[in-house]
Enquirer: 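Sharing a structure with you now.
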Amino acid sequence: MSTATAIINLDIEGPTISRHLYGHFAEHLGRCVYGGFWVGEDSPVPNEGGIRLDVVEALRALDIPNLRWPGGCFADEYHWQDGIGPRERRPWMVNTHWGNVEENNHFGTHEFMALCELLGAEPYISGNVGSGTVREMSEWVEYLTRDGDSPMVRLRKENGREEPWRVTYWGIGNETWGCGGNMRAEYSADLARQYATYCRDHGDNKLYRIASGASDADYKWTETLMQQISCFGCEATPKTFFQGLSVHYYTLAGPWEAKGSATGFDTDDYYRTMVSARRIDRILTGHSTVMDVYDPHRTVGLVLDEWGTWWDVEPGTEPGFLFQQNTLRDALVASTHFDIFHQHAARLHMANIAQTVNVLQAMILTDGDRLVRTPTYHVFEMNKGHQDATSLPVHVRAEGARRRVGDAELDTLSASASVKDGRVLISVSNLDADEPAELLLDLRGGTLADPTARILTADRLQAHNTPEATTVAPREFDGLSGTAGGLRLTLPPHSFVTVQAPLRRH
């Protein structure tokens with residue numbers, strides 16, 4: 001058993017952890033929208049206006065802050081006016097990116113906004129830069145957010161919506177370096193300025209425009225974007241063409257062409273996965289460092305609007321639908337990601353897991369009228385108290401909690417903490433596959449009154465939930481005891497634990 005100490009300064013407040021770091025992503029891909037969020041009004045599955053109510057109920061329990069739509073790669077072949085008006089009159093299209101299937105456009109702008117209202121989530125719309133036009137995106141903003149009278153306002157009212165919606169978040173393209181147009185960074189940056197210019201603030205609806213940013217560690221792409229709005233090393237306030245820029249990073253255990261099975265993996269695969277997951281810290285640090293040179297006061301946000309695990313699809317499923325099972329390994333990827341996100345809260349404005357239902361590292365899997373909450377879902381639920389909380393500094397001393405993984409060294413303990421409304425939430429992960437860990441929480445500047453704890457673990461890393469059996473779910477944790485200066489946690493192998501308690505400051 002390894003032993004470690006985590007020093008938590010309860011009286012030193014860090015940056016706010018934006019609730020939007022717990023954001024979600026829904027693309028017209030596989031069964032994410034159709035069969036996931038949308039079943040149609042004639043479905044025997046309980047629905048409201050065609051939207052699955054069991055999915056809504058499950059996601060509302062997470063305090064879901066935002067939902068990104070309609071892609072992903074699909075966004076840059078999607079023309080929004082095909083998805084408004086009477087459904088029977090909407091033109092069909094071919095989803096060339098994901099399975100080459102026909103898309104009937106029954107789930108469009110009004111349906112998405114209705115979904116967001118049911119979820120209590122802010123919409124985040126990704127606009128079409130790859131195959132669209134500046135006018136097309138400008139008119140979409142007008143259609144959704146303008147009041148009074150205009151051509152797009154009249155069109156919206158003809159389609160049954162009198163009042164405008166509030167839509168803050170707009171993505172200016174998606175992966176323009178790849179499926180969104182295979183552009184050079186310089187050309188994409190020019191388009192970001194152009195599109196942002198014509199995406200107008202209407203009334204009191206102020207847009208947060210997010211330029212299509214880098215893949216992985218492409219720091220040059222980020223620098224090229226930042227050069228469009230500020231100068232090297234100067235104190236000038238960045239120009240307001242866009243308020244954020246994106247980055248995408250997926251966790252893999254092997255090469256892209258052989259990602260491995262979601263459930264049929266061994267301990268070596270697991271450790272390679274966790275090394276890949278922890279790499280997100282270096283990725284965010286690299287992009288933040290570049291941004292700091294051009295924006296030292298951190299007025300422009302970094303948006304990780306695609307992250308998660310990516311495995312080979314489940315056998316017997318359509319390869320273009322990206323359906324994969326979700327195990328305890330995926331949950332621990334999520335828990336350690338969130339600790340890292342909290343550390344980057346000063347720059348990181350939003351993060352969106354890919355994806356919410358039935359695709360990649362999903363919260364929810366549906367099977368007909370049945371719904372499964374995945375292990376990853378439970379990490380989001382256990383951590384929801386961090387949303388819009390004030391981060392607390394955590395310093396982990398854990399020389400013995402390390403594993404050599406190939407050429408890399410993996411820290412097997414991960415932790416973060418925050419305070420909100422007088423309550424502290426501490427999250428801890430023991431990433432060691434085989435060994436327990438004893439962690440002393442050295443609490444300084446305050447005490448915790450009557451702490452309670454929960455744990456998410458299972459007997460096997462490959463454990464997952466199905467419609468027939470739930471094997472990975474939170475339960476009360478009894479490995480918690482008090483010490484003279486704080487708390488002691490005895491963490492089982494491959495486990496995630498949260499501790500909550502009212503704060504008493506010294």
Side-chain angles (χ1 to χ4, degrees), residues 25-29 32-34 66-85 90-113 115-116 123-146 151-152 155-156 159 165 167-185 187-200 202 207-213 215 225 241-246 248 303 305-306 352 354-355:
F25 174 31
E27 184 168 5
H28 288 241
L29 196 174
C32 183
V33 172
Y34 298 104
N66 67 68
L67 184 63
R68 179 177 181 242
W69 172 87
C73 293
F74 179 82
D76 281 281
E77 63 180 4
Y78 180 70
H79 300 280
W80 68 271
Q81 291 207 33
D82 293 343
I84 59 174
R90 296 179 189 178
W92 287 41
M93 63 175 287
V94 177
N95 188 338
T96 62
H97 287 292
W98 306 119
N100 209 37
V101 297
E102 292 182 339
E103 157 74 50
N104 62 19
N105 279 312
H106 282 190
F107 187 91
T109 296
H110 287 252
E111 290 79 13
F112 173 66
M113 295 305 297
L115 170 62
C116 289
Y124 170 15
I125 291 180
S126 183
N128 183 346
V129 172
S131 70
T133 66
V134 175
R135 177 177 177 176
E136 181 179 15
M137 189 169 176
S138 175
E139 289 182 340
W140 202 3
V141 175
E142 179 185 332
Y143 182 90
L144 279 161
T145 66
R146 187 174 178 83
M152 290 300 106
L155 182 58
R156 183 188 70 230
N159 291 324
W165 288 281
V167 184
T168 299
Y169 294 104
W170 290 83
I172 303 172
N174 168 79
E175 294 187 359
T176 51
W177 43 264
C179 65
N182 287 309
M183 302 173 191
R184 296 177 302 110
Y187 181 67
S188 178
D190 284 343
L191 287 182
R193 289 173 56 135
Q194 181 186 16
Y195 273 72
T197 299
Y198 291 96
C199 290
R200 309 286 193 186
H202 293 285
L207 303 190
Y208 190 98
R209 305 163 185 85
I210 301 167
S212 176
S215 173
L225 279 174
F241 296 126
F242 45 85
Q243 290 69 47
L245 56 88
S246 69
H248 291 176
V303 176
D305 55 17
E306 290 188 28
N352 305 76
Q355 293 185 13

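Just so it is clear, the structure is predicted and the values come from calculations on it, not from any experiment.
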Enquirer: Where is the tightest heavy-atom contact between Asn105 and Met93, given as atom of each residue plus distance?
Expert: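 Scanning both residues completely, I find the closest heavy atoms to be ND2-CG, 4.1 Å.
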Enquirer: Is any side-chain heavy atom of Trp177 closer than 4.5 Å to one of Ser215?
Expert: yes
Enquirer: Just wondering, do Glu142 and His202 contact through their side chains at under 4.5 Å, heavy atoms?
Expert: yes
Enquirer: Only counting residues at least two apart or in another chain, list the ones meeting ring pair (Phe, Tyr, Trp, His ring centres under 6.0 Å) with Phe74.
Expert: His28, Tyr78
Enquirer: Using 0.5 Å steps for rounding, measure from the CG atom of Asn95 to the CD atom of Glu27.
Expert: 7.5 Å
Enquirer: Quick one: pull up CZ in Arg209 and CZ in Phe241 and give me the separation to the nearest 0.5 Å.
Expert: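 The CZ atom of Phe241 is 10.5 Å from CZ of Arg209, to the nearest 0.5 Å.
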Enquirer: Check the pair Glu111 / Trp69 against side chain to side chain contact (heavy atoms under 4.5 Å, CB included), numbers first and verdict last.
Expert: CA-CA 11 Å; Glu111 290 79 13; Trp69 172 87; over 6 Å; no
Enquirer: If you measure from CG on Asn174 to OG on Ser246, what distance do you get to the nearest 0.5 Å?
Expert: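 If we round to the nearest 0.5 Å, Asn174:CG and Ser246:OG are 7.0 Å apart.
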Enquirer: To the closest 0.5 Å, what do you measure between OG1 (Thr176) and CZ (Arg184)?
Expert: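 One finds 11.5 Å between OG1 of Thr176 and CZ of Arg184.
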Enquirer: If every non-hydrogen atom of Tyr195 is compared with every non-hydrogen atom of Gly132, which pair is closest and at what distance?
Expert: OH-O, 3.4 Å
Enquirer: Under a 4.5 Å cut-off applied to non-hydrogen side-chain atoms, are Asn128 and His79 in contact?
Expert: yes
Enquirer: Please, which pairs that meet salt bridge (charged side-chain N to carboxylate O under 4.0 Å, His left out) have at least one residue in residues 130-140, sequence neighbours excluded?
Expert: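 Qualifying pairs: Arg135-Glu139.
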Enquirer: For residues Tyr124 and Asp305, is any side-chain donor paired with an opposing acceptor at under 3.5 Å?
Expert: yes
Enquirer: Determine the minimum heavy-atom distance between Leu144 and Thr109, stating which atoms define it.
Expert: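 Looking at all heavy atoms of both residues, the closest pair is CD2-CG2, 3.6 Å.
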Enquirer: Measure the CZ-CE distance between Arg146 and Met152 for me, rounded to the nearest 0.5 Å.
Expert: 11.5 Å
Enquirer: Check Met113 against Pro123 and note the closest heavy-atom contact, atom names and distance.
Expert: CE-CG, 3.7 Å
Enquirer: Given the rule in the side chain to side chain contact (heavy atoms under 4.5 Å, CB included) test, do Asp82 and Glu103 qualify, once you have shown the distances and angles that lead to the verdict?
Expert: CA-CA 11 Å; Asp82 293 343; Glu103 157 74 50; over 6 Å; no
Enquirer: I'd like to know if the side chain of Tyr208 reaches the main chain of Gln243, judged simply by a donor and an acceptor atom lying under 3.5 Å from each other, with no hydrogens or angles considered.
Expert: yes
Enquirer: If you look at every heavy atom in Pro70 and Trp140, which pair is closest and at what distance?
Expert: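 So the minimum-distance heavy-atom pair works out to CD-CH2, 4.3 Å.
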Enquirer: Counting C-beta onward and ignoring hydrogens, is there a side-chain heavy-atom pair between Cys73 and Trp98 closer than 4.5 Å?
Expert: yes
Enquirer: Is there a side chain to side chain contact (heavy atoms under 4.5 Å, CB included) between Val101 and Tyr34? Walk through the geometry before answering.
Expert: CA-CA 12 Å; Val101 297; Tyr34 298 104; over 6 Å; no
Enquirer: Between atom CG of Leu225 and atom OG of Ser188, what is the distance when rounded to the nearest 0.5 Å?
Expert: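 Leu225 atom CG to Ser188 atom OG measures 6.0 Å (nearest 0.5 Å).
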Enquirer: With side chains defined as the heavy atoms from C-beta onward, is the minimum distance between Leu155 and Ile84 less than 4.5 Å?
Expert: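 Yes. Closest side-chain heavy atoms under 4.5 Å.
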Enquirer: Taking C-beta and beyond as the side chain, do Glu175 and Asp76 meet within less than 4.5 Å on heavy atoms?
Expert: no
Enquirer: Side chains of Ile125 and Phe112: closer than 4.5 Å at any heavy-atom pair?
Expert: yes
Enquirer: Evaluate Val141 against Leu207 for side chain to side chain contact (heavy atoms under 4.5 Å, CB included), listing each step before the verdict.
Expert: CA-CA 9 Å; Val141 175; Leu207 303 190; 3.9 Å; yes
Enquirer: Between Phe25 and Arg68, is there a cation-pi geometry (under 6.0 Å to ring centre, at most 45° from the normal)?
Expert: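 Geometry flag: set, cation within 6.0 Å and 45°.
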Enquirer: If the condition is ring pair (Phe, Tyr, Trp, His ring centres under 6.0 Å), which residues does Tyr143 pass it with, not counting sequence neighbours?
Expert: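 Result, ring pair (Phe, Tyr, Trp, His ring centres under 6.0 Å) vs Tyr143: Trp80, His110.
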